[in-house]
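Working notes, structure below.
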Amino acid sequence: MHTLKRLAVLSALLAGSLAFAQAKQVIGVSIPAADHGWTAGIVYHANEAKKALEQKYPNVQIIVKTAKDSNEQANQIQDLYTVNKINALVILPQESAPLTRPVADLKSKGVFVTVVDRGLTDPKAQDAYVAGDNTAFGRVAGQYFAQRLGAQGGNVVVLRGIPTVIDNQRVAAFNAAVAKNPKIKVLDARYGNWNRDDAFKVMQDYLTRFPKIDAVWASDDDMAVGVLRAIQQAGRKDIKFVVGGAGMKDMIKKVMDGDALIPVDVTYPPSMIADAMRLTVESRVTGKPMKATTIIPSVLVTKANAKQFYYPNSPF
Amino acid sequence: MSTPNPPVPPPPAASGAVPPAPPRPFLSRLAALGPLLGLLALAAVATALNPEFLTVSNLANVLTRAAFTGIIAVGMTFVIISGGIDLSVGSLAALIAGVMILVMNALTASLGAGAATIALGMLTALVLGSLAGLFHGVTITLGRIEPFIVTLGTLGIYRAVLTYLAQGGAISLGLEVGDRYSPVYYGTLLGVPIPILVFAAVALLGGLVLNRTRYGRYVQAIGSNEQVARYAAINVTGIKIATYVLLGVCVGLATILYVPRLGSATPSTGLLWELDAIAAVIIGGTALKGGSGRIWGTVVGAILLVTIENVLNLTNIISVYLNAAVTGFVIILVAFFQRSRR
């Protein structure tokens with residue numbers, strides 16, 4: 001009898017402490033280290049979101065960790081679970097395949113998992129997925145080209161990123177959108193590796209090879225910087241405009257200022273990490289389920305709306 | 001028995017026959033011309049595929065691009081001939097670029113965006129380069145750590161420090177200084193872009209030092225046999241440290257030319273330059289294990305590497321997915337023609 005009573009009291013206590021623990025939420029955020037502009041933006045926005053969310057929800061603690069490779073990231077999320085006792089994980093995986101198993105492991109132990117941008121190879125390893133829209137990234141740019149070059153059409157050259165699935169999706173969507181205007185001719189598409197130097201060289205060679213180019217899809221703001229320099233050096237006046245993408249502050253500034261060569265930009269915002277963190281925290285605190293898939297749309301930044309996308313303090 | 005027949009050419013036995021000696025040097029000289037012949041063949045193919053290849057502006061582009069890794073490769077030739085290696089040059093170039101931009105931006109406040117600021121920025125680059133070289137040299141010789149290990153370590157350190165300084169984004173040169181500085185990359189002297197002139201000067205000077213000075217002979221002697229060099233009372237430690245300092249200065253010089261191009265340094269600046277520089281040296285006929293080498297070969301090697309990339313961009317015959325494969329294939333091919341002299 002005694003033991004039974006004691007057990008009852010004990011289980012009641014346990015339940016109480018569990019309820020208490022639920023009130024205090026620990027959220028782990030695991031992202032790649034800042035190794036280029038876009039990931040630097042990710043780190044910036046993650047830290048900004050941590051500040052804002054911790055202020056808004058006093059019972060929430062957010063731990064942001066950056067990793068330089070998949071191995072380090074896998075170790076980190078293990079530590080987040082055993083040492084920090086996280087209730088939820090928001091992760092932007094370095095690579096999809098190597099992290100699928102460790103993330104699935106965490107989920108099986110009861111951690112709520114939100115995966116951002118780069119999907120895992122097995123979607124069952126996650127509770128929610130937040131991502132940018134790579135198809136729209138290419139399509140929005142392509143639609144702008146089709147409409148802007150209009151009935152006259154014109155010659156277009158394309159700079160691609162690094163050979164990846166993401167890049168293939170973007171380029172395919174761009175080509176499909178541009179194909180709606182039969183007067184547009186895509187002369188060539190080469191890899192600029194999301195890198196200024198490589199983009200500079202590829203553009204120099206395009207300028208040598210093609211006597212008349214009407215527009216350039218640089219497909220990334222870093223690459224657009226190299227493209228602009230190559231055009232400037234060659235002193236070519238035939239190029240009407242260059243479109244980059246991602247939302248680098250310098251490029252957004254050019255759009256805001258009405259630069260003729262950079263009339264628009266297409267977003268693929270690093271702030272998506274902040275959106276993912278906000279959605280995850282809200283669903284944890286309120287208990288409302290989070291949507292399984294949230295796609296952050298890629299939008300066309302024009303002079304009219306550029307202000308909304310301008311973060312002067314971000315490193316990107 | 002009388003089997004030692006091969007080494008018996010001088011006797012009158014072979015009086016009527018052609019002496020076998022002359023063809024050997026001719027053949028090996030031909031082999032030494034391997035990289036140059038490779039470059040000419042590549043240029044011929046390129047011109048056939050796209051006549052634009054031979055335009056002055058394209059050739060200027062190619063040579064200007066070759067200048068960065070080419071200048072570094074000239075310094076690298078000395079290091080490799082002496083039996084060393086430096087894997088950190090790409091990261092060092094990135095770090096130097098970042099620091100010199102920060103220095104120039106800071107100086108603009110007090111000195112204005114003029115020649116003084118730019119000169120001090122350039123000086124920073126050279127000082128930083130030589131200090132890094134000094135550190136490598138001293139750690140390798142006096143600290144007795146393998147050059148591969150030391151520079152593998154600094155490869156990580158330099159790039160990490162730059163990433164830290166840039167907060168993962170970009171360090172950009174102030175617009176005004178950038179405009180004043182840009183002629184160093186974009187300007188020309190008598191119609192020749194400045195980076196090409198500097199590259200030519202560095203190569204010429206490097207060749208003279210390697211082949212016409214006592215220092216150059218010592219470098220080669222150390223590379224071919226360090227013990228013997230020591231017995232010959234050559235200051236091995238000093239000479240070796242000097243090769244790394246020389247390379248550091250070359251990296252500084254290359255960065256001085258590089259910064260005005262895009263006016264910024266990012267964590268991807270100078271990525272893999274070390275491999276380009278080492279590849280240029282090896283294609284040029286310098287032995288990776290040291291002892292002998294030539295500067296002109298390195299120059300040709302650097303130009304060859306850039307030309308491959310240029311040709312691929314000017315033509316459409318090969319899938320863009322295979323670009324790196326073509327580069328690799330040409331490197332192996334040129335090395336194959338070199339192999340008779342090793």
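- With sequence neighbours excluded, no residue forms a salt bridge (charged side-chain N to carboxylate O under 4.0 Å, His left out) with A:Lys249.
- With a 4.5 angstrom heavy-atom cutoff, A:Phe200 touches chain B only via side-chain atoms.
- Counted within 6.0 Å of OH on A:Tyr310, heavy atoms from surrounding residues, nucleotides or ligands total more than 12; the atom is thus considered enclosed.
- A:Asp197 and A:Lys201 are not joined by a salt bridge, as no carboxylate oxygen comes within less than 4.0 angstrom of a charged side-chain nitrogen.
- For chain A, the option among B:Leu262, B:Thr163, B:Asn323 with the highest count of heavy-atom pairs below 4.5 Å is B:Leu262.
- Remark: A:Asp250 engages no residue in a salt bridge (charged side-chain N to carboxylate O under 4.0 Å, His left out) (not counting sequence neighbours).
- For the pair A:Arg170 and A:Phe137, the distance from NZ or CZ to the six-membered ring centre is under 6.0 Å and the angle to the ring normal is within 45 degrees.
- Of all residues spanning residues 264-278 of chain B, those with a heavy atom less than 4.5 Å away from chain A's heavy atoms are B:Ser264, B:Thr266, B:Pro267, B:Ser268, B:Thr269, B:Gly270, arranged by number.
- Contacts of residues 52-65 of chain B with chain A at a heavy-atom distance below 4.5 Å involve B:Glu52, B:Thr55, B:Asn58, B:Asn61, B:Arg65, listed in sequence order.
- For the residue pair A:Gln94 / A:Glu72, no side-chain donor-acceptor distance below 3.5 Å is found, with atom types taken as modelled.
- Using modelled atom types, one finds a donor on one side chain and an acceptor on the other under 3.5 Å when comparing B:Asn310 with A:Asp205.
- Among B:Val202, B:Leu190, B:Leu189, B:Thr188, the single residue meeting the side-chain contact (heavy atoms from CB on, under 4.5 Å) criterion with B:Leu197 is B:Leu189.
- When heavy atoms are compared at a cutoff of 4.5 Å, A:Thr39 does not approach chain B at all.
- The contact between B:Thr315 and chain A is made entirely by backbone atoms, counting heavy-atom distances below 4.5 Å.
- A:Phe145 has its ring centre less than 6.0 Å from the ring centre of A:Phe174.
- In this model, a donor atom of one side chain and an acceptor atom of the other lie less than 3.5 Å apart for A:Asp117 and A:Tyr268.
- Only the side chain of B:Tyr185 comes within less than 4.5 Å of a heavy atom in chain A; its backbone stays farther off.
- Looking at A:Asn193, its side chain never comes within 3.5 Å of a backbone N or O of A:Ile162 through a donor-acceptor pair.
- A distance-only check finds no donor-acceptor pair linking the side chain of A:Asp265 to the backbone of A:Val301 [under 3.5 Å].
- Of the atoms belonging to B:Arg159, not a single heavy atom falls under 4.5 Å from chain A.
- With 3.5 Å as the limit, one finds no donor-acceptor pair spanning the side chains of A:Asp214 and A:Asn155.
- For A:Ala234, no part sits under 4.5 Å from any heavy atom of chain B, backbone or side chain.
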